[in-house]
4 protein chains.
Amino acid sequence: MQYKTYQITESYSVAGLNLVKKDQPKLGPNEVLIKMKAWSLNYRDLLVIKGIDAWKPPVGRIPVSDGVGVIVETGSEVTSLVVDDRVAGLFFPNWIDGKMTDAKLTNPLGGKVRDGLLQEYVVLNENELIKVPAFLTDVEAATLPCAALTAWHGLMEKGQIQPGNIVLIQGTGGVSLFSVQFALMAGAEVILLSGSDEKLQMVGQMGVNHLINYKRFPNWEDRIMDITNGLGVDHVVEVVGGDHINKSIDAVALDGTISIIGLINGFKGNINTAKIMSRQVKLQGINVGSKEMFNRMNKALEIYNIRPVIDKVFAFEEAKEALTLLESASHFGKLCISV
Amino acid sequence: MQYKTYQITESYSVAGLNLVKKDQPKLGPNEVLIKMKAWSLNYRDLLVIKGIDAWKPPVGRIPVSDGVGVIVETGSEVTSLVVDDRVAGLFFPNWIDGKMTDAKLTNPLGGKVRDGLLQEYVVLNENELIKVPAFLTDVEAATLPCAALTAWHGLMEKGQIQPGNIVLIQGTGGVSLFSVQFALMAGAEVILLSGSDEKLQMVGQMGVNHLINYKRFPNWEDRIMDITNGLGVDHVVEVVGGDHINKSIDAVALDGTISIIGLINGFKGNINTAKIMSRQVKLQGINVGSKEMFNRMNKALEIYNIRPVIDKVFAFEEAKEALTLLESASHFGKLCISV
Amino acid sequence: MQYKTYQITESYSVAGLNLVKKDQPKLGPNEVLIKMKAWSLNYRDLLVIKGIDAWKPPVGRIPVSDGVGVIVETGSEVTSLVVDDRVAGLFFPNWIDGKMTDAKLTNPLGGKVRDGLLQEYVVLNENELIKVPAFLTDVEAATLPCAALTAWHGLMEKGQIQPGNIVLIQGTGGVSLFSVQFALMAGAEVILLSGSDEKLQMVGQMGVNHLINYKRFPNWEDRIMDITNGLGVDHVVEVVGGDHINKSIDAVALDGTISIIGLINGFKGNINTAKIMSRQVKLQGINVGSKEMFNRMNKALEIYNIRPVIDKVFAFEEAKEALTLLESASHFGKLCISV
Amino acid sequence: MQYKTYQITESYSVAGLNLVKKDQPKLGPNEVLIKMKAWSLNYRDLLVIKGIDAWKPPVGRIPVSDGVGVIVETGSEVTSLVVDDRVAGLFFPNWIDGKMTDAKLTNPLGGKVRDGLLQEYVVLNENELIKVPAFLTDVEAATLPCAALTAWHGLMEKGQIQPGNIVLIQGTGGVSLFSVQFALMAGAEVILLSGSDEKLQMVGQMGVNHLINYKRFPNWEDRIMDITNGLGVDHVVEVVGGDHINKSIDAVALDGTISIIGLINGFKGNINTAKIMSRQVKLQGINVGSKEMFNRMNKALEIYNIRPVIDKVFAFEEAKEALTLLESASHFGKLCISV
């Protein structure tokens with residue numbers, strides 16, 4: 001059998017992606033064959049496709065980490081999954097549970113070492129897959145592996161936010177909107193920053209308590225101090241990165257936490273390290289998460305029927321258009337692809 | 001000025017409580033005078049009034065730990081409170097923050113060492129008081145110091161429950177109903193046990209996911225295993241105590257937690273200690289909480305306007321009727337007193 | 001090739017163990033063949049051999065969970081181990097890392113479901129093995145999988161003991177002596193209970209700060225209160241179990257922890273549950289541990305060259321004598337077997 | 001009675017400090033009079049005396065946060081201390097226990113708001129004092145309030161280091177040498193950086209496992225990777241601050257922690273925030289600690305008779321010489337003053 005797959009070419013660009021035909025590989029004893037149903041895109045997919053810095057893959061790499069499909073065939077020794085199970089791939093296929101290690105971190109899907117999922121069919125080891133909640137559509141479930149799990153890991157697993165906490169969330173990208181949903185679910189109060197009144201209005205409808213347009217209030221950290229009676233917020237979901245972290249340091253409470261999960265503002269920043277010390281701020285880097293965390297997140301999603309926010313769904317053949325829209329950063333919610 | 005106060009007499013019984021007149025004491029420099037507005041009753045108040053075991057106070061003791069009032073006068077050096085502030089007394093007046101110590105535990109209000117609040121006026125040190133959320137009525141706020149704080153401490157401070165957790169809550173007393181509200185607020189799934197279909201229906205209206213009448217299902221631990229796909233619950237709020245803890249051990253998940261916050265079934269129990277070991281169960285005793293926890297709880301209450309469940313409100317002169325109803329254990333929510 | 005192995009017979013007794021010859025199984029692609037070098041015995045091995053309650057295995061089961069050997073052959077797809085690696089089996093072969101689950105707990109070596117290691121050669125999956133510290137002898141390394149890991153898990157992973165903590169350790173069995181070594185290594189003060197002055201003297205030479213002969217001081221909990229200025233100890237390693245836990249509850253500090261790791265006094269106890277509540281005691285069951293914990297323990301052993309305490313080493317042919325001595329409970333340190 | 005005290009003058013310099021006479025204030029009911037015995041100096045005292053940035057105090061301020069003395073008189077309502085008790089002042093006099101708050105952080109001794117201890121006699125509230133371990137000399141005990149407590153807080157309270165962890169410690173100042181002692185006491189392996197072979201030799205005698213002269217190995221982060229088999233260290237005590245944090249980020253393990261406790265390299269740094277994210281590094285600011293932590297530290301010191309490292313002791317009249325030597329940063333251990 002032959003099937004279609006996207007590949008990165010020497011041009012290292014969205015426009016340069018090739019759609020090629022591939023022969024289906026033979027299944028190993030612990031592998032399964034998955035007919036893909038839906039994918040979702042992350043900013044990191046662009047870094048890989050464009051070959052930025054440490055993300056640069058070899059030519060021929062298949063991009064995109066996040067996708068959902070249905071199992072159509074299982075290897076001879078597969079025990080944990082059966083045909084017709086609906087599964088997502090793990091962003092870090094080796095990170096099953098416990099603490100992160102170098103071995104678990106080495107081969108994310110759609111990165112330097114391993115192919116991704118932007119293919120009609122995919123072969124993966126049974127351990128590298130997770131069943132997705134039944135109440136979600138394929139497209140919705142496809143948004144979970146990277147964006148949702150990152151938000152969950154930062155706020156719940158490491159952040160341990162609690163009812164009564166105040167959480168500052170930046171922007172309306174995938175991780176940010178999942179953070180909104182998880183923070184509200186966990187009983188926290190949410191302050192959201194966006195540069196668009198239209199997006200702020202949409203977030204307001206999700207139940208967010210405080211909305212700030214950072215274009216209108218460039219010194220938004222002062223407004224946050226007003227909102228919090230001068231105390232600052234308990235947790236910041238920092239998606240901008242670089243120098244921007246200083247504004248988060250100014251907005252966070254004594255002993256508060258800043259989850260660093262994005263770097264759209266650059267890989268370095270001139271940081272106020274003295275204030276980190278004097279106000280006992282905690283910065284914690286978050287890099288997606290483990291299958292064990294994913295399972296806990298799925299349980300939480302199921303209890304309250306939390307549905308991911310989808311901006312637009314493209315056809316498999318329109319993958320380049322989807323990636324181009326992702327680059328423009330004008331979307332609200334996840335950009336997805338569906339067969 | 002003279003004011004009325006209840007006192008425990010040699011009869012050590014609800015019926016034997018005396019309503020007497022007392023002269024107002026002079027304020028020390030760090031003390032405030034509070035005109036009481038409302039009180040709420042706890043099972044522990046009965047243990048003190050009846051002089052059970054370690055709870056037996058000297059004759060003349062003023063009972064009741066929980067109450068709310070308004071400050072009418074402040075000592076010369078009081079800095080944290082002003083006249084007209086609405087405050088509750090702390091169950092453990094010395095437990096401001098940090099870990100429990102013997103010194104912090106020694107003199108709960110309305111116990112062996114210190115008088116309680118069932119008086120028209122009360123004098124307390126400014127540190128022994130906490131401001132209550134403005135959106136609550138006096139009666140509602142009076143329910144917080146013991147029952148709500150115990151539930152909060154068990155589930156949130158020590159229990160660290162998270163969205164997706166499943167929490168088993170026993171009964172519909174004060175701590176149990178606060179536990180329901182906090183667990184739901186924290187994104188957990190709740191299973192509630194009661195012996196009354198009528199009460200179960202009322203709890204169902206609060207959003208509880210699973211309701212079990214333990215009279216109809218005496219082996220309710222088996223039903224819980226069904227509900228949880230054989231995994232058990234993550235957290236149990238154990239209010240019965242004694243042997244009953246074994247049923248909780250049977251219903252809890254591997255590595256799960258049982259918060260021991262009640263003892264209506266006795267002070268001892270024949271416990272399955274081998275199962276505690278083999279399934280790595282954690283039993284944690286919870287004894288009310290600190291002012292620091294109380295402040296965190298107040299923030300959480302304010303964010304979602306959580307209102308305590310009140311069963312019935314009595315007049316100050318009807319305090320004995322209120323305590324008698326408490327003994328019957330037929331109520332749903334807190335029994336309160338109001339001026 | 002044929003090799004010798006012990007098997008449990010219908011007599012379910014130490015005397016009834018059979019030494020039989022077995023054909024070497026063929027290696028699967030992820031399996032390795034290990035030439036066994038040394039074993040160590042645990043109280044739990046006796047429960048299995050005697051077929052007590054939940055521990056009763058089928059006839060023919062090979063007993064003993066703990067052993068060390070050298071790899072002599074590797075399956076075609078083994079990547080993490082090579083010939084000549086010195087390895088121990090994992091007590092719970094499936095518990096690699098993360099939290100305990102039913103699936104991880106189901107098949108301990110030498111139990112109801114899986115054969116143990118009391119064989120000249122053993123075949124195991126590469127994931128079910130862990131390399132042991134090079135500075136330890138075979139016999140020393142053989143003591144780690146059950147007793148050492150249980151002590152480590154209770155005190156360090158779950159207990160999080162810290163310098164300045166006071167730890168009460170009961171007896172001089174395997175878990176107890178490892179607990180002594182780990183507690184001292186972690187900067188804690190240790191109080192040890194034993195019924196033998198001779199054993200107390202030996203423990204004193206290990207650096208233990210306080211020694212109590214519980215036969216001479218049956219109310220040893222009172223002496224512990226004296227030693228701790230009335231505060232109690234921060235952590236108890238409870239190896240006796242049953243009613244005996246009440247003495248630990250009387251000896252532990254407010255908010256203190258009791259690790260339940262033994263049950264030689266029975267599977268149930270009439271426990272003072274009211275005191276658990278009022279003094280906020282935490283009881284935590286400990287059931288061995290994961291490979292991830294084992295790795296952390298190995299690092300700690302290596303830093304300070306901690307050597308397990310060995311009482312006596314028997315030849316492979318003397319395994320029954322070793323088990324009989326274990327039953328007598330007169331040893332100090334681990335009873336081991338060596339080829 | 002009159003006594004001598006140092007005061008900061010308009011010159012904001014060590015040379016400009018005045019030694020003046022002051023009348024003893026009257027004791028309030030909760031205050032005690034302390035005859036000072038010894039002081040120790042911290043880098044932060046220089047920031048205050050020189051009036052750097054946020055540290056600039058009003059003219060007339062008495063400097064120095066750390067000191068020990070003996071109580072010679074107690075106010076009428078003092079209950080926790082008696083005459084002849086030997087006490088140290090708390091760096092943050094209001095931070096008794098629980099989490100840091102703005103109110104607890106506002107008035108450190110010898111800072112903008114409150115006078116320090118460089119006086120012959122001092123009056124403090126009983127709560128602002130802590131008894132010091134009896135086995136320490138006055139000078140030794142005087143080193144605890146700032147440097148030792150900061151090291152303890154970073155490594156033990158927030159850092160929760162454990163046996164088997166590897167800790168990187170920078171330099172041989174006060175916090176660094178306490179960190180060495182605490183890390184070794186807690187069973188960790190220590191790597192120490194210094195620019196002086198002489199100091200490295202002295203640290204080696206304290207039991208430190210690995211010594212690196214950063215002048216000879218400017219890329220010391222590479223050597224650390226060699227020492228740790230490419231894994232990096234579990235915890236860094238970062239005393240340099242600013243850009244230097246990047247070297248610590250390069251030297252720390254996945255999910256490792258960097259305690260930021262110094263800023264001698266400046267208040268800002270151009271930080272590799274992308275690496276914080278990808279390797280899940282945790283940066284935690286540490287600002288001294290609470291009285292509750294101080295008590296736990298004292299217990300730990302007592303168990304193993306940990307003695308602070310003292311470089312040189314000056315007379316009260318030589319305080320300026322001591323501060324001048326502190327500026328030169330050539331000392332090994334604490335610089336102290338004694339009457």
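Every chain is numbered from 1, with letters handed out A, B, ... down the list of sequences.
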Using the six-membered ring wherever Trp is involved, compare the ring planes of F182(B) and F178(B) and label them parallel, tilted or perpendicular (cut-offs 30° and 60°). parallel

Might you point out which heavy atoms bring L155(C) and S179(C) nearest each other, and give the distance in Å? CD1-O, 3.5 Å

Against chain C, work out which of A274(B), S278(B), G269(B) has the most heavy-atom pairs shorter than 4.5 Å and name it. G269(B)

Drop me the distance from L105(B)'s CG to F91(B)'s CZ, to the nearest 0.5 angstrom. 9.0 Å

At what distance, to the nearest 0.5 angstrom, does CG of L168(C) lie from CG of L193(C)? 5.0 Å

Top residue by heavy-atom pair count (under 4.5 Å) with chain C, among I276(B), T273(B), V288(B)? T273(B)

Non-hydrogen contacts under 4.5 angstrom with chain C: give the residues of residues 239-260 of chain B involved, or none if there are none. G242(B), I245(B), N246(B), L254(B), D255(B), I260(B)

Between Y43(C) and W55(C), does the ring centroid distance fall short of 6.0 Å? no

Pair K112(B), N107(B) - check side chain to side chain donor-acceptor pair (under 3.5 Å), show working. CA-CA 7 Å; K112(B) 276 174 93 163; N107(B) 56 354; over 6 Å; no

Sidechain N-carboxylate O distance under 4.0 Å for E128(B), K291(B): no

Would you mind telling me which of K275(B), K282(B), Q280(B) has the largest number of heavy-atom pairs within less than 4.5 Å of chain C? Q280(B)

